[in-house]
Amino acid sequence: MSNSNPIGFFDSGVGGTSIWKEVIQLLPNENSIYLSDSINAPYGEKTVQEIIALSKKNTEKLIAMGCKIIVVACNTATTNAIQILRTTYSLPIIGIEPAIKPAALKSQTKSIGILATKGTLSSKLFSKTSELYSKNINIIEVVGNGLVSLIEQGKQDSAETKELLSKLLKPMLIAKVDYLVLGCSHYPYLLPALKEILPAEVSIIDSGEAVARQTKKVLLENDLMNNSIDKPKHLLFSNANPKVLAKLVNGEAAELSEVSYLEF
Ligand code: DGL
């Protein structure tokens, strides 16, 4: 059986496209719909109840648009709402969490840094995972205050962003981390700035590839893969800043994508 219904993605804004890119690269036959809820960004400053309500709103919109599976392309929404989403809706739901495990297992200095939102770092799900790996490891958690808003304005390479990042990363440099975990789907867009600031021996990891592999696995297990040879179509919607969103959709995917404004 082949299922051509789209894979649905949502994030508090444009950042989840870093995950979307990994997924559509690994699954080149799949159609997709991406919801950028930029009008409500950042989620990381909201209460758990607010994050749950927004996650439900986005999931319901994607279900109404015919999606066969949901990828929550947001660490903050995943760590605060995924259990409720999974018990409320019957379709498969994939989430994204900071990649603490590989960083903790590979670290030589036994010191790793996690850059994420307040909402992610204060969630129960994150604390549980972090406890599992913190036995012999010094985990330096830093809230990336202000970073999501700068990326939402398309300012990821600005002097303002570099200055803020340098300040935020200081405690990690002092603690001699050799791994930096990007715990927010917006942050892969900071890679050029991060590489300028961090010493070359610090490895930077995110969870995009792991999410793509998990999405493929779940589609296969549920017999939901699209085996059609037609060119796929990717529809991306922003309820605030479609121009910033469109700028991030580049490379081969751009030809197959349509970015527009939508109220949701
Ligand atoms: N991309 C979201 C994440 O992965 C950003 C959260 C926010 O809007 O604060 O956590």
Side-chain angles (χ1 to χ4, degrees), residues 8-23 34-59 62 70-83 85 93-100 113-127 129-130 141-156 161 164-165 168 180-191 193-194 204-212 214-215 236-241 244-245 247-249 264:
F9 296 78
F10 77 84
D11 179 37
S12 61
V14 299
T17 50
S18 66
I19 312 300
W20 168 82
K21 284 175 187 170
E22 300 273 3
V23 175
Y34 181 95
L35 295 183
S36 172
D37 192 12
S38 294
I39 206 159
N40 291 305
Y43 281 12
E45 307 289 307
K46 299 195 185 299
T47 64
V48 176
Q49 285 319 312
E50 285 170 331
I51 297 168
I52 291 172
L54 290 167
S55 300
K56 281 183 158 177
K57 170 200 68 131
N58 297 328
T59 303
L62 289 169
I70 306 288
V71 177
V72 181
C74 175
N75 292 261
T76 311
T78 299
T79 51
N80 288 279
I82 199 146
Q83 274 144 350
L85 295 181
I93 299 181
I94 311 292
I96 175 167
E97 282 184 68
I100 307 181
I114 320 263
L115 189 62
T117 70
K118 188 169 135 218
T120 293
L121 294 174
S122 60
S123 69
K124 284 191 198 132
L125 194 58
F126 175 80
S127 311
T129 317
S130 154
E141 296 175 11
V142 172
V143 175
N145 255 338
L147 293 173
V148 166
S149 303
L150 286 164
I151 298 164
E152 285 296 313
Q153 295 168 62
K155 292 184 179 166
Q156 53 270 24
T161 302
L164 175 59
L165 264 180
L168 291 169
L180 168 62
V181 178
L182 302 183
C184 169
S185 57
H186 280 68
Y187 298 168
Y189 289 114
L190 298 172
L191 269 178
L194 286 167
I204 305 170
I205 52 176
D206 68 70
S207 320
E209 255 186 75
V211 171
Q214 180 66 8
T215 305
L236 296 95
F237 299 103
S238 165
N239 54 16
N241 52 357
V244 177
L245 180 61
K247 264 201 167 163
L248 297 178
V249 179
F264 60 91

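Order of listing sets the numbers, starting from 1, for every ligand and every atom in it.
With a 4.0 Å heavy-atom cut-off, ligand 1 is reached by the backbone of T76 and by its side chain too. Proximity of P42 to ligand 1, defined as any heavy-atom pair under 4.0 Å, is shared by backbone and side chain alike.
Between A73 and ligand 1, no N or O atom pair is found at a separation short of 3.5 Å. Taking any N or O of T120, backbone or side chain, none lies under 3.5 Å from an N or O belonging to ligand 1. Checked by distance only, ligand 1 and E45 stay at 3.5 Å or farther apart across all their nitrogen or oxygen atoms. Annotation: N75 places an N or O atom under 3.5 Å from an N or O atom of ligand 1; distance criterion only.
With 3.5 Å as the limit, one finds a donor-acceptor pair spanning the side chains of Y43 and D37. In the model, S18 has no side-chain atom that pairs as donor or acceptor with a side-chain atom of Y187 under 3.5 Å. Residues E97 and T78 have side chains that never bring a donor and an acceptor to within less than 3.5 angstrom of each other.
The nearest protein atom to atom 7 (C) of ligand 1, hydrogens excluded, is given as Y43 N, 3.1 Å; this is a heavy-atom distance. Of all protein heavy atoms, the one lying nearest to atom 9 (O) of ligand 1 is G44 N, 2.7 Å.
The shortest non-hydrogen separation linking A99 to D206 is CB-O, 4.4 Å.
In this structure, C74 is part of the shell of residues with a heavy atom less than 4.0 angstrom from ligand 1.
Using a distance-only test at 3.5 Å, with no hydrogens or angles considered, no donor-acceptor pair links the side chain of D11 to the main chain of S185.
Against a heavy-atom cut-off of under 4.0 Å, T117 is close to the following atoms of ligand 1: 6 (C), 9 (O), 10 (O). Near D11, with a cut-off below 4.0 Å to any heavy atom, the atoms of ligand 1 are 1 (N), 2 (C).
With a 6.0 Å radius and a threshold of 12 heavy atoms from other residues, nucleotides or ligands, Q83 has its CD atom at or below the threshold. Other residues, nucleotides and ligands place no more than 12 heavy atoms under 6.0 Å from the NZ atom of K56. Around CD of E45, the count of heavy atoms belonging to other residues, nucleotides or ligands within 6.0 Å exceeds 12.
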